[in-house]
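Below is one structure, written out as structure tokens; the observations come after it.
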Number of protein chains: 2
Amino acid sequence: MKSANNPNLQDIATAAGVSTATVSRVLNSPSDVRPALRERVEEQIRKLGYVRHGAARALASSKSHTVGAVIPTLESAIFATGVNAIENRLVRDHFTLLLAVTNYDLDHEFKQVQALIERGVDGMILVGQDHHPDTIRLLERQRCPFITTWTYSASSKYPCVGFDNFNASRMMAEHMLDLGHTRFAMIAGITAGNDRARERIDGVKNALQLRGLDLAQDRLIEKAYEVREGRDAFRTLMASTPAVRPTAILCGNDVLAVGAILEAQHLGLNVPKDVSIVGFDDLPLAEHLAPGLTTVHVPSRRMGETAAQYILDCIAGTLGESKFELPTKVMIRGSSAKPPAP
Amino acid sequence: MKSANNPNLQDIATAAGVSTATVSRVLNSPSDVRPALRERVEEQIRKLGYVRHGAARALASSKSHTVGAVIPTLESAIFATGVNAIENRLVRDHFTLLLAVTNYDLDHEFKQVQALIERGVDGMILVGQDHHPDTIRLLERQRCPFITTWTYSASSKYPCVGFDNFNASRMMAEHMLDLGHTRFAMIAGITAGNDRARERIDGVKNALQLRGLDLAQDRLIEKAYEVREGRDAFRTLMASTPAVRPTAILCGNDVLAVGAILEAQHLGLNVPKDVSIVGFDDLPLAEHLAPGLTTVHVPSRRMGETAAQYILDCIAGTLGESKFELPTKVMIRGSSAKPPAP
DNA sequence: TTGTATGCGTTATCAT
DNA sequence: ATGATAACGCATACAA
């Protein structure tokens with residue numbers, strides 16, 4: 001049973017004629033051991049094909065060299081990009097990523113966070129500020145460093161890296177108001193358990209209110225993150241007579257916006273002549289569409305990098321800032337223009 | 001130092017007036033312990049906020065309840081979807097996913113696999129059949145169950161779930177040949193460290209050869225997985241006079257194909273009247289484009305599910321098949337048609 | 001610089 | 001059904 005298994009520290013120690021402590025040192029602080037010995041040990045490590053036993057290391061040192069990320073879904077390109085960035089940053093420091101998905105369910109998020117904590121992650125990255133109270137309680141009780149992403153507010157109680165969804169969305173709406181639009185509609189993402197989607201809606205409503213306009217109930221449609229859904233919503237919104245239907249369609253994300261643009265094409269409507277359509281996220285595709293999609297650029301990659309960096313800093317004990325506001329920008333492209341003359 | 005920390009089995013045992021063994025049992029095989037006792041223990045578990053210590057569990061049981069996935073990148077929607085499916089399947093069995101990214105570098109892949117093994121994963125999911133020999137050697141030496149995805153071949157030496165890229169690509173090319181095309185070009189994905197991209201090229205070449213055609217050197221362009229790259233390649237291919245330029249553009253993936261279609265639009269070319277464009281992957285976007293993108297449907301989700309299921313079966317010791325060929329299908333849509341009359 | 005010895009929190013074996 | 005206890009493989013405080 002033992003001989004069949006993989007070598008452990010003891011085996012290496014014996015083979016090299018040293019103590020386990022020495023082997024441990026050449027593995028973890030090589031400079032502490034005399035070159036001659038070190039080489040002898042390293043040779044045995046190679047020869048016997050030794051691989052570290054993470055569980056034992058974690059148990060003895062209470063460090064797993066592992067970070068958890070809990071995101072709504074990977075089906076969303078922005079989260080996929082963010083996670084990719086997190087992984088790339090972590091691997092540079094020889095940390096490994098544990099990934100869990102919530103499907104926008106805050107109860108499930110709690111379970112996932114608990115599962116990752118049980119796996120011993122040294123830190124955790126979450127999305128948004130909307131969480132089950134137990135989630136935060138658990139994290140704090142376990143003294144597990146964590147940071148929230150994709151949202152930023154100066155008054156946040158937790159470390160966070162992101163941007164102000166409300167404000168960015170408001171600016172997008174203002175851009176459309178400045179172009180002269182007065183009849184607005186919004187195709188928003190699903191708001192349940194999603195503070196980003198909610199804030200984007202609120203931003204639009206706020207901008208309209210300040211100009212004495214509002215978003216009628218039937219001009220706000222919540223749709224799942226799919227091109228098909230964007231198309232359906234757009235068709236619904238365009239069903240009324242040209243004299244009263246919206247001239248500006250604000251979408252909660254680019255996938256819905258792409259759906260809207262494509263449906264416009266299918267309906268024979270000209271964008272932006274007949275109707276302006278804008279999105280949010282700035283997917284790689286956005287700039288290449290014809291017309292180009294006016295949207296809000298979201299720094300997914302930098303958010304991932306920054307979040308990972310912050311957690312690594314926490315773990316290393318080199319703590320600095322704990323709130324990072326990243327810049328967003330309204331990318332003005334061909335899909336938005338002045339409303340058609342009445 | 002101890003009091004500040006979280007409770008462990010011993011603490012629960014003491015509080016409930018039982019032994020650690022009993023607590024362990026109510027956690028792992030509740031039916032083995034009398035209901036009265038069980039409840040007393042469970043109450044303390046709740047009250048003290050006990051959370052299991054994964055490292056200690058893994059050390060004692062040599063099971064981490066963890067599976068690793070090593071993929072080229074998450075920036076590719078198909079891999080993101082696949083990983084999402086893997087996670088969804090794993091979580092149902094209370095397994096956690098360790099995710100590592102290779103950036104299409106087989107040396108880096110080896111390091112990532114080693115890192116995951118050191119973290120004690122109970123199984124591993126890889127992409128493609130192209131691997132550093134050490135990668136496979138390590139996996140086998142550690143008796144770590146693994147499966148390769150995204151490719152299938154009956155003669156594969158390893159467990160695999162996927163489809164025959166060569167064949168699917170060949171069928172796509174044959175469809176275009178059947179439509180009457182004779183002047184072909186291909187915008188392929190980068191082939192370095194990517195057997196899928198290579199097989200897709202070979203499939204096209206093979207189909208052409210069988211009809212006495214070939215793919216001239218300057219009609220095969222390798223491009224990175226980006227819309228921009230697809231656009232550039234398409235422009236290059238269309239640079240010759242209409243009389244000799246290709247009438248059928250075969251793309252190694254949908255992202256490149258979307259780039260090609262959009263560039264055609266920008267150039268004022270009609271797809272498919274002036275030129276046919278086809279892709280590979282069947283991204284959600286493909287069917288919604290105007291014209292719809294003719295492409296090969298790839299079952300990313302089912303691949304992820306199947307791979308995860310296979311690994312879970314290995315771990316549970318309930319072994320069945322180890323090779324899974326999944327169906328692909330040529331999705332014929334508006335972007336492909338007969339070549340223009342000469 | 002190197003070795004010795006202890007403990008990390010579980011699981012699992014063996015008694016009872 | 002329950003308890004006592006020996007591993008599990010390593011890091012680390014301490015001794016030399």
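Each chain gets a letter, A, B and so on, in the order the sequences are listed, and its residues count up from 1. Just the heavy atoms: all of them, side chains too, but no hydrogens, waters or symmetry mates, feed the values below.
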Give the rounded distance in Å between these two atoms: [atom1] of [X] and [atom2] of [N].
X: B:His53; N: D:dC10; atom1: NE2; atom2: C1'; value: 13 Å
X: B:Asp32; N: D:dT2; atom1: CG; atom2: C1'; value: 11 Å
X: B:Ile45; N: C:dT10; atom1: CD1; atom2: P; value: 10 Å

Using a 4.0 Å heavy-atom cut-off, does B:Leu9 contact any base of the nucleic acid, only the sugar-phosphate backbone, or nothing at all?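 The answer is base, as B:Leu9 lies within the cut-off (heavy atoms under 4.0 Å) of a base atom.
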Under a 3.5 Å cutoff, is there a donor and acceptor pairing between the side chains of A:Gln114 and A:Gln142?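 No pair is found: no donor N or O on one side chain lies under 3.5 Å from an acceptor on the other.
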Can you tell me if the side-chain N/O atoms of [X] get under 4.0 Å from OP1 or OP2 in [N]?
X: A:Asn28; N: D:dA11; answer: yes
X: B:Arg34; N: D:dA1; answer: no
X: B:Ser61; N: C:dT11; answer: no
X: B:Ser24; N: C:dT11; answer: yes

A quick test of your reading: do over 12 heavy atoms of other residues, nucleotides or ligands sit less than 6.0 Å from CZ of A:Arg301?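 No, not enclosed.
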I'd like to know whether CD of B:Glu39 has more than 12 heavy-atom contacts from other residues, nucleotides or ligands below 6.0 angstrom.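 At most 12 heavy atoms, drawn from other residues, nucleotides or ligands, come within 6.0 Å of this atom.
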Assign the ring pair B:Tyr310 / B:Phe324 to parallel, tilted or perpendicular, where the plane angle (0 to 90°) is split at 30° and 60°.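 Answer is perpendicular, since the angle exceeds 60°.
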